[in-house]
Amino acid sequence: MPSDPALRAQALESLLVEKGLVDPEALDALVDAYEHRIGPHNGARVVARAWKDPAYKTRLLADATAAIAELGFGGLQGEHMVAVENTPTVHNLVVCTLCSCYPYPLLGLPPVWYKSEAYRSRAVIDPRGVLREFGLELPAETQVRVWDSTAELRYLVLPEQPEGTRDLSEEQLAALVTRDAMVGAGRVSLPSAGEGG
Amino acid sequence: MPSDPALRAQALESLLVEKGLVDPEALDALVDAYEHRIGPHNGARVVARAWKDPAYKTRLLADATAAIAELGFGGLQGEHMVAVENTPTVHNLVVCTLCSCYPYPLLGLPPVWYKSEAYRSRAVIDPRGVLREFGLELPAETQVRVWDSTAELRYLVLPEQPEGTRDLSEEQLAALVTRDAMVGAGRVSLPSAGEGG
Amino acid sequence: MNGVHDMGGMHGMGPIQPEPHEPVFHHRWEARAFALVRAMGAFGRWNIDASRHQRELIPGPEYLRMTYYERWLAGLAALLLRHGFVSREELAAGKSVMACEALAPQMPATPALRAADVPAFIARGSPAARASNAPARFEQGQRVRARNLNPVGHTRLPRYVRGKCGIIDRVHGVFVFPDTNAHFQGECPQHVYSVLFEAQELWGEGFASGDAVYVDLWESYLDAA
Amino acid sequence: MNGVHDMGGMHGMGPIQPEPHEPVFHHRWEARAFALVRAMGAFGRWNIDASRHQRELIPGPEYLRMTYYERWLAGLAALLLRHGFVSREELAAGKSVMACEALAPQMPATPALRAADVPAFIARGSPAARASNAPARFEQGQRVRARNLNPVGHTRLPRYVRGKCGIIDRVHGVFVFPDTNAHFQGECPQHVYSVLFEAQELWGEGFASGDAVYVDLWESYLDAA
């Protein structure tokens with residue numbers, strides 16, 4: 001196999017297509033799904049619904065898989081979901097130290113930082129230092145809960161709803177919710193505050 | 001700095017020589033010492049003496065640093081020595097999991113395998129598997145003792161004297177003793193048996 | 001196995017570098033590698049645990065040198081070879097050397113995943129929960145100790161919790177057991193628990209009291225404590 | 001620090017490959033790197049613990065990619081820079097950019113080690129034992145537990161013994177403490193003990209009963225158990 005990964009991937013694809021084992025259009029469809037259809041906007045809808053609808057939030061925290069399925073999300077790498085709630089006294093952070101497990105149906109594919117050795121190694125021993133690198137300085141009295149995705153459960157952080165957004169519509173709320181906030185690596189803030197992710 | 005280590009080393013040396021910080025002849029002398037003067041033949045003399053002289057062996061096992069100094073060895077990376085004895089029921093193996101500490105005055109500089117990640121990682125969890133890769137299959141009833149050189153103590157394994165060598169001179173015995181045997185990664189055998197070293 | 005993949009609690013892996021407006025894939029080959037892994041996985045000749053383990057088997061120094069999708073490519077190539085989908089010669093040449101059937105008589109000659117089936121494939125996923133009447137050995141609030149297991153094979157018991165005490169936070173239900181499934185030794189379903197470990201229990205005094213790490217662990221990883 | 005250098009007990013690092021008739025150095029540059037480290041160490045501006053720690057600070061992926069003497073070179077370059085012997089520009093250029101004195105007023109301009117002094121330098125070594133009347137806290141045969149310490153700085157307490165119980169096998173005497181010395185925070189000498197850990201205590205059931213690992217540990221790494 002060539003040493004350049006691009007050539008290696010191409011060689012492997014053409015070999016498998018030539019052998020009749022792979023339908024290149026299926027590859028296109030898979031890529032298209034994760035580039036254009038499945039991403040953090042899905043998770044944002046779940047979060048916004050939980051913020052607007054207390055009964056939904058209760059269901060989400062009790063049985064996330066079922067509650068998320070209500071909005072039509074689930075499947076590959078989100079078969080078994082757990083939602084954990086951030087509060088003024090509890091901050092949740094999700095990691096997968098052993099590989100890079102991530103809730104695809106709600107957040108899409110994981111970003112490079114989530115897959116990095118730096119994040120995988122440090123999130124469990126120095127979560128406050130990690131959060132600081134994301135610009136989040138937590139007060140000592142806030143409890144940090146790190147969720148290591150060692151099994152087939154996938155975690156969604158339900159961020160705190162920012163002050164002054166009670167009157168926004170579910171759609172407007174969803175537009176505020178960032179990927180990082182749903183991993184626990186950020187907070188949801190109003191647009192003026194500006195937050196990447 | 002250049003990416004080729006040879007060029008990097010050369011650049012560093014010429015920089016330090018140019019700045020008057022390094023005497024290139026001192027480097028030559030250091031290299032010469034470890035290429036030609038200090039090596040496993042030193043340790044072999046200690047082992048052979050211990051085999052021939054029971055009183056020396058007693059002193060070696062009680063205070064290795066002093067007993068080794070009797071033969072004129074000591075100093076850099078052998079300031080504090082411990083000797084551990086192989087018997088029919090105990091096999092000792094020396095490693096440094098954290099770096100590659102090694103008894104320079106007796107064995108010279110460590111071989112690549114001793115410094116390898118493979119050896120450093122596995123010697124403490126799978127010493128029998130490691131010894132098997134060196135061709136040494138230990139019976140289950142032999143106790144394996146691994147010495148991890150985490151401090152400034154340096155370890156010398158006193159191998160078992162092979163059968164049928166009682167009549168050999170100290171010099172003849174020393175010629176049989178291999179580096180690997182003094183690390184515990186081998187046994188001393190008669191020349192006919194053939195063992196690398 | 002105690003590989004470098006089991007890196008929870010390590011230092012020295014460099015800074016975390018979030019990338020603003022990060023694309024889903026940074027290179028086209030990453031997208032193709034991702035899709036190839038999924039499309040070949042659809043044959044069902046291996047499972048997700050075997051697939052993870054194959055990537056863990058990449059020697060430590062190489063594992064750390066590779067990017068995420070390079071590991072995926074390496075793992076896929078190894079699985080294809082091992083399961084007779086391709087030969088070593090084909091991998092080297094990047095093209096078919098002989099008919100697939102010649103290698104493995106049972107080998108399929110049509111793709112397992114068609115473009116039209118992709119939405120259903122994604123929606124279905126691959127649930128790892130299993131129906132079971134087995135009673136859970138532990139209950140919420142119970143104190144447990146993670147066992148000190150150091151298998152050479154696949155495990156999802158990270159080193160940093162071994163020997164440490166925690167509290168059962170929730171009982172997730174019964175799931176396929178990776179330690180056997182990765183080696184094609186059966187699904188052997190077991191209860192999985194979320195176990196709360198105090199940061200001070202994991203890392204010692206001086207760490208933030210109250211902070212905790214929740215780790216999902218299979219029943220056989222745990223002893224009552 | 002919990003770096004990749006602390007690799008005792010890991011799997012997946014490849015086979016052990018003894019090399020028959022191995023030369024002392026495989027390349028001339030290795031010999032020069034070795035000698036440079038010793039010759040610059042002779043200035044006494046740093047100590048062996050700082051030198052080891054500097055190599056541990058090489059990020060994990062790079063550490064594993066490098067050969068032994070490449071790590072020595074990298075560590076030396078970092079120490080030279082940090083202690084003002086050379087500037088970043090000089091390291092990049094491989095030649096003197098300005099007088100050494102301009103960088104650090106106290107900087108020497110003559111070699112610390114001359115060829116004629118090499119035999120004495122090697123024979124003297126650098127003993128780490130210190131005279132002390134401090135009584136040893138533990139005695140031979142006593143049961144101890146290695147503390148669960150996870151400092152970000154230098155330590156010689158390997159991860160694989162933390163939290164594990166062992167027996168004091170021998171009392172070595174009082175030695176410089178690397179955890180402070182590496183950071184130029186003083187020698188803080190302490191008793192060092194050889195602690196016997198049963199293989200089954202370290203790695204769990206199924207490991208050879210009777211086999212043991214002896215680890216040299218400083219007193220403050222240990223609690224009575």
Side-chain angles (χ1 to χ4, degrees), chain B residues 1 5-6 8-16 18-23 25-31 33-35 74-80 97-100 108-109 111-113 115-121 124-125 127-128 130 133-134 143-153 196, chain D residues 5-10 13-20 22 24 27 29 31-33 35-36 38-39 52 64 68 70 73 77 85-86 90-92 94-96 100 109-111 113-115 118 122-129 156 158 160 172 175 192 203 208 210-216:
Chain B
M1 298 243 283
R8 225 152 54 224
Q10 196 175 29
L12 207 51
E13 178 175 339
S14 55
L15 170 61
L16 295 172
E18 185 198 345
K19 291 176 79 106
L21 296 165
V22 159
D23 170 7
E25 288 178 13
L27 303 186
D28 298 341
L30 280 161
V31 170
Y34 287 97
E35 281 196 319
L76 195 65
Q77 285 300 302
E79 296 91 344
H80 313 287
T97 60
L98 295 174
C99 42
S100 298
L109 299 183
V112 167
W113 66 258
K115 298 179 289 188
S116 70
E117 288 79 33
Y119 184 73
R120 286 169 56 191
S121 60
V124 291
I125 192 172
R128 289 170 186 270
V130 165
E133 289 184 37
F134 280 95
Q143 189 198 35
V144 177
R145 297 181 181 171
V146 180
W147 300 83
D148 190 354
S149 315
T150 45
E152 294 305 329
L153 289 304
Chain D
H5 72 279
D6 183 359
M7 61 183 72
M10 286 187 68
M13 292 298 193
I16 294 164
Q17 300 178 292
E19 176 186 348
E22 180 174 345
V24 173
H27 306 282
W29 73 262
R32 303 313 277 184
L36 277 173
R38 295 295 168 193
R52 286 199 186 108
L64 290 183
Y68 183 74
E70 286 183 277
L73 265 187
F85 280 110
V86 302
E90 287 173 329
L91 272 187
K95 62 177 187 203
S96 174
C100 199
T110 57
L113 185 67
R114 292 291 186 182
V118 165
I122 290 174
R124 191 169 56 242
S126 183
R156 297 290 285 184
Y160 75 91
H172 285 308
F175 288 80
V192 171
W203 313 114
D211 284 3
V213 182
Y214 293 71
V215 186
D216 288 329

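Just so we're on the same page: letters track the sequence lines, and every chain starts at 1.
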Asks: Does B:Glu25, at its CD atom, have more than 12 non-hydrogen atoms belonging to other residues, nucleotides or ligands within less than 6.0 Å?
Replies: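 Atom CD in B:Glu25 is not packed in, count stays at 12 or less.
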Asks: Which one wins on heavy-atom pair count under 4.5 Å against chain D: B:Gln143, B:Glu133, B:Glu79?
Replies: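 Among B:Gln143, B:Glu133, B:Glu79, the one with the most close pairs to chain D is B:Glu79.
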Asks: Do you know the tightest heavy-atom contact between D:Ala208 and B:Arg128?
Replies: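 Looks like CB-NE, 3.8 Å.
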Asks: Hey, which of D:Pro15, D:Ala39, D:Ala35, D:Gly14 has the most heavy atom pairs under 4.5 Å with chain B?
Replies: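 The answer is D:Ala35.
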Asks: Could you check D:Tyr160 against B:Ile125 for side chain to side chain contact (heavy atoms under 4.5 Å, CB included), going step by step and ending with a plain yes or no?
Replies: CA-CA 9 Å; D:Tyr160 75 91; B:Ile125 192 172; over 6 Å; no
Asks: Of all heavy-atom pairs between D:Ala115 and B:Ala29, which one has the smallest distance, and what is that distance?
Replies: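 Reported closest heavy-atom pair: O-CB, 4.1 Å.
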Asks: Parallel, tilted or perpendicular for D:Phe175 and B:His80, by the 30°/60° rule?
Replies: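 Rings of D:Phe175 and B:His80: perpendicular, as their planes differ by over 60°.
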Asks: Compare every heavy atom of D:Arg156 with every heavy atom of B:Thr150, then report the nearest pair and how far apart it is.
Replies: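 For B:Thr150 versus D:Arg156, the nearest heavy atoms are O-NE, 2.7 Å.
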Asks: Run the side chain to side chain contact (heavy atoms under 4.5 Å, CB included) test on B:Leu12 and D:Leu91 for me, step by step, so that the C-alpha distance in whole Å, both residues' side-chain angles and the decisive distance to 0.1 Å come before the verdict.
Replies: CA-CA 7 Å; B:Leu12 207 51; D:Leu91 272 187; 3.4 Å; yes
Asks: Kindly give the heavy-atom pair with the smallest separation between B:Ser14 and D:Gly94, and that separation in Å.
Replies: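 Scanning both residues completely, I find the closest heavy atoms to be OG-O, 3.9 Å.
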Asks: Say you draw a straight line from CZ of B:Arg8 to CH2 of D:Trp29; how long is it, rounded to the nearest 0.5 Å?
Replies: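 Those atoms lie 7.0 Å apart.
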Asks: Using modelled atom types and a 3.5 Å cut-off, is there a donor and acceptor pairing between side-chain atoms of B:Glu117 and backbone atoms of D:Met13?
Replies: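 A pair under 3.5 Å: no.
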Asks: Once ring-ring contact (aromatic ring centres under 6.0 Å, His included) is applied, do any residues pair with D:His172, and if so which ones, sequence neighbours excluded?
Replies: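 Residues passing ring-ring contact (aromatic ring centres under 6.0 Å, His included) with D:His172: none at all.
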Asks: Go through the atoms of D:Gln17 and report whether side chain, backbone, both or neither lie under 4.5 Å from a heavy atom of chain B.
Replies: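 Backbone only.
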Asks: As an exercise, state the distance from CG of D:Asp6 to SG of B:Cys99, rounded to the nearest 0.5 Å.
Replies: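 So the gap between those two atoms works out to 10.5 Å.
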Asks: Under a 4.5 Å cutoff for heavy-atom pairs, which residue among D:Glu19, D:His27, D:Arg52 has the most contacts with chain B?
Replies: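 Highest number of pairs under 4.5 Å: D:Arg52.
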Asks: Count the heavy-atom pairs under 4.5 Å between each of B:Val22, B:Val146, B:Asp28, B:Val31 and chain D, then report the option with the highest count.
Replies: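 Counting heavy-atom pairs under 4.5 Å, the top option is B:Val146.
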Asks: Only one of B:Leu21, B:Leu27, B:Leu30 clears side-chain contact (heavy atoms from CB on, under 4.5 Å) with D:Leu113; which?
Replies: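 Result: among B:Leu21, B:Leu27, B:Leu30, B:Leu30 is the only option passing the side-chain contact (heavy atoms from CB on, under 4.5 Å) with D:Leu113.
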Asks: Give a yes or no on whether the backbone of B:Val112 and the side-chain of D:Glu22 come within a donor-acceptor separation of less than 3.5 Å.
Replies: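 Looks like yes, one N/O pair under 3.5 Å.
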Asks: Considering only heavy atoms and a distance below 4.5 Å, find which of D:Ile16, D:Val215, D:Leu36, D:Val213 pairs most often with chain B.
Replies: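 Maximum pair count with chain B is reached by D:Ile16.
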Asks: Considering only heavy atoms, which portion of D:Ala123 lies under 4.5 Å from any heavy atom of chain B: side chain, backbone, both, or neither?
Replies: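 Looking at D:Ala123, just its backbone touches chain B.
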Asks: With a 6.0 Å cut-off (strictly less than), is the heavy-atom count around CD of B:Gln10, excluding the residue itself, greater than 12?
Replies: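 Counting other residues, nucleotides and ligands, CD of B:Gln10 stays at 12 neighbours or fewer.
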Asks: Measuring from atom OG1 of B:Thr97 to atom CE of D:Met10, what distance do you get when rounded to the nearest 0.5 angstrom?
Replies: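 Interatomic distance, B:Thr97 OG1 to D:Met10 CE, rounded to 0.5 Å: 12.0 Å.
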Asks: So which of D:Ala33, D:Ala31, D:Gly125 has the largest heavy-atom pair count under 4.5 angstrom toward chain B?
Replies: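 With the most close heavy-atom pairs to chain B, the winner is D:Gly125.
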Asks: Short question: side chain of B:Asp23, backbone of D:Arg114 - any donor-acceptor pair under 3.5 Å?
Replies: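 Checking the backbone N and O of D:Arg114 against the side chain of B:Asp23, no donor-acceptor pair under 3.5 Å is found.
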Asks: Tell me if a side-chain donor or acceptor on B:Glu152 pairs with a main-chain N or O of D:Ala128 at a distance below 3.5 Å.
Replies: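 No; judged by distance alone, with no hydrogens or angles, the pair does not exist.
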Asks: Need one label for B:Leu16: side chain, backbone, both or neither, based on atoms under 4.5 Å from any heavy atom in chain D.
Replies: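 For B:Leu16, the side chain is the part near chain D, not the backbone.
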Asks: Residues in side-chain contact (heavy atoms from CB on, under 4.5 Å) with B:Ala151, at least two apart?
Replies: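 B:Leu153, D:Val192, D:Asp216, D:Trp218.
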Asks: Measure across B:Trp113 and D:Pro18 and return the closest heavy-atom pair with its distance rounded to 0.1 Å.
Replies: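 The answer is CD1-CA, 3.7 Å.
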Asks: Taking all non-hydrogen atoms of both residues, which atom of B:Ala33 and which atom of D:Ile122 are closest, and how far apart?
Replies: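 Looks like CB-CD1, 3.6 Å.
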Asks: Hey, is the main chain of D:His5 close enough, under 3.5 Å, to the side chain of B:Arg120 for a donor-acceptor pair?
Replies: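 Side chain of B:Arg120 to backbone of D:His5, a donor-acceptor pair under 3.5 Å: yes, one is there.
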